[in-house]
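Letters A, B, ... mirror the listed sequences (proteins, then strands); counts begin at 1.
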Amino acid sequence: MHDIRLLRDQLDHLREGMRRRGKLAEFGPLLDRAESLEKERRAAITELEGQQARRNKLTQEVAQLRKAGGDATALIAEGRAIGDDIAALEQRKNDAEAAVQAMLYELPNITLPEVPEGDETRNTVVKSWGTPREDSTGIMPHWEKGAELGILDLQRGAKVTGSGFIVYRGAGAKLVRALMNMMLDAHTEEHGYEEAWVPLVVNRASMTGTGQLPKFEDDMYGIPEEELFLIPTAEVPVTNLYRDEILELGDLPKGLCAYSACFRREAGSAGKDTRGLLRVHQFDKVALVRYATPENSREQLELLTSHAESMLERLELPYRRLLLAAGDTGFSSAMTYDLEVFAPAVGKWLEVSSCSVFTDFQARRANIRYRPAPGEKPRFVHTLNGSALAFSRIIASLIEHHQQPDGSVRIPDALQPYFGRAVLR
RNA sequence: GGAUAGGUGGCCGAGUGGUUGAAGGCACCGGUCUCGAAAACCGGCGUACCGGCAACGGUACCGUGAGUUCGAAUCUCACCCUGUCCGCCA
């Protein structure tokens, strides 16, 4: 969410931000309406507060008059009239305020200057690691190989819940555990993160704090009776840990990591892009969250991304890092790197991580602040997060990229201590 | 789920209809003292918003929302949360 003051003195900045995302047509009219509503809001406040001041004064007069034993009937009648006026003005103010607020909630973040303008065709590969297997001859797609190895049971997952809900079995289930432990150990022991184990269900305020709501309610699984939502990522509960709190400067930067199941409705899509593990409704992920000062949040993004990349290097999966163009950058994000691994049988690069700096966009929504120095005014922190990593596509890539000519799947060295064996066959 | 107590400023805590933004304490900031520190003493110290170039003026905020009233931290109702006891349960 943006500072409401931007509507007054930096409307051009907002407009330019929307243009860079290619969304000026969509948001330009909204900005104009928001600007005039903001004016209306202020006018209503000014008038309202004037009447409130009148009432406060009158109220004192009534008290004094009563004390002196006088008759306050006339003053009380006047007060009643002011009260009616105040109620109407309050309504006017609330209406304008709610309307402006609703618009601000709809507006995506402004991307950093270094983020390229335009849509996803402007995404740029800024780094590559390892050599993808271009020749897919003899490599079975992960859904076939997974079934053959007895580690993936897509049919029964569909039966038990529905399509897009995966059952891992035997060594497959253990593979999930191994990935979880390998990643969490690395982040806590080598990268300095505190591990958290969080609820998979959160309330509306938390979903609003990180930017999923109100705009993307349709993408969420919800429990309407309780006004609760299944988390699409551990970013939501972890970032909201410090909602409405003031952090100490000495605590920053602060990093938390958490494993969680993630739930996404992914409405609409079905077809070859969603085969096997490519796009599912529930998947496993280790998430990284960082809280930083505005001064160093940009460099914290590099650090965070490097932590995610190190997971791919341990798994010996070739990857590339994309700097997303403004139009492809997520709603709350100011700058995002995507990490993609190559799945040779699918013949595609798969997004397995997304690392973002949100500047103060989430912090303002969630009211997460820090005190720059004792006695100074609190400021909003900058939040960051990244997946490190999302498992399902990693498993897909692992099964395909590490598939051997004899049909077995090699387990990378770094994973073996956690998985307990060197090969899947 | 039932019963019961309670939610006040960064923290603790007083306050039950009218100069209460709110006593007192802690913490914090400045000063005196000291070689320096501690202690002691003196002073300062909430947040947000509106108007104003500013000085400053005004308004709101005592869990949340609605209500009663000329006037609500204080009264009424609903909801949320926390503690305690009972019940149930992995």
Closest-nucleotide ordering on RNA chain B, the 5'-leading residue of I246(A) and A77(A): I246(A)

Given RNA chain B, 5'-ward residue of the pair R369(A) and N56(A), judged by closest heavy atom: R369(A)

Aromatic ring proximity H382(A)/Y291(A), centre distance under 6.0 Å: no

What nucleic acid atoms does [X] come within less than 4.0 Å of, heavy atoms only: base, sugar-phosphate, or nothing?
X      : answer
L75(A) : nothing
R8(A)  : sugar-phosphate
R41(A) : sugar-phosphate

Among the candidates [options], find the nucleotide nearest to the side-chain atoms of [X].
X      : options                : value
T46(A) : C50(B), C70(B), U59(B) : C50(B)
Q60(A) : C70(B), C49(B), U19(B) : U19(B)
I45(A) : C50(B), A60(B), G18(B) : C50(B)
R66(A) : C70(B), C50(B), C49(B) : C70(B)

Which whole number of Å gives the distance between the [atom1] atom of [N] and that of [M]?
N      : M      : atom1 : value
A27(B) : G17(B) : C1'   : 34 Å
G24(B) : U74(B) : P     : 22 Å
C29(B) : G65(B) : C1'   : 38 Å
G9(B)  : G63(B) : P     : 8 Å
C61(B) : G21(B) : C1'   : 9 Å
U8(B)  : A14(B) : C1'   : 10 Å
A3(B)  : A78(B) : P     : 13 Å

With a 3.5 Å limit on both atom pairs, tell me what [N] is paired to, counting Watson-Crick and G-U wobble, or say none.
N      : value
A39(B) : none
C88(B) : none
A54(B) : none
U82(B) : A5(B)
C75(B) : G67(B)
C26(B) : G10(B)
A48(B) : U59(B)
G17(B) : none

Short side-chain to backbone donor-acceptor contact, T111(A) and M335(A), under 3.5 Å: no

Quiz item: E49(A) side-chain donor-acceptor pair to G58(B) base, under 3.5 Å: yes

Base G71(B) to side chain R55(A), donor-acceptor N/O within 3.5 Å cut-off: no

Round to the nearest Å and state the distance from [X] atom [atom1] to [N] atom [atom2].
X       : N      : atom1 : atom2 : answer
E90(A)  : C50(B) : CD    : C1'   : 15 Å
K57(A)  : G18(B) : NZ    : C1'   : 17 Å
E38(A)  : C49(B) : CD    : P     : 11 Å
L89(A)  : C50(B) : CG    : P     : 17 Å
L228(A) : C80(B) : CG    : P     : 12 Å
R54(A)  : G51(B) : CZ    : P     : 21 Å

Quiz item: cation-pi between R265(A) and F216(A), 6.0 Å / 45°: no

Short side-chain N/O contact to G51(B) OP1/OP2 from R42(A), under 4.0 Å: yes

Is any NZ, NE, NH1 or NH2 atom of the basic residue among [X] and [Y] found under 4.0 Å from an Asp or Glu carboxylate oxygen of the other?
X       : Y       : answer
R54(A)  : E78(A)  : yes
R92(A)  : E40(A)  : yes
E302(A) : R321(A) : yes

Any side-chain donor near an acceptor of the partner, N385(A) and T239(A), under 3.5 Å: no

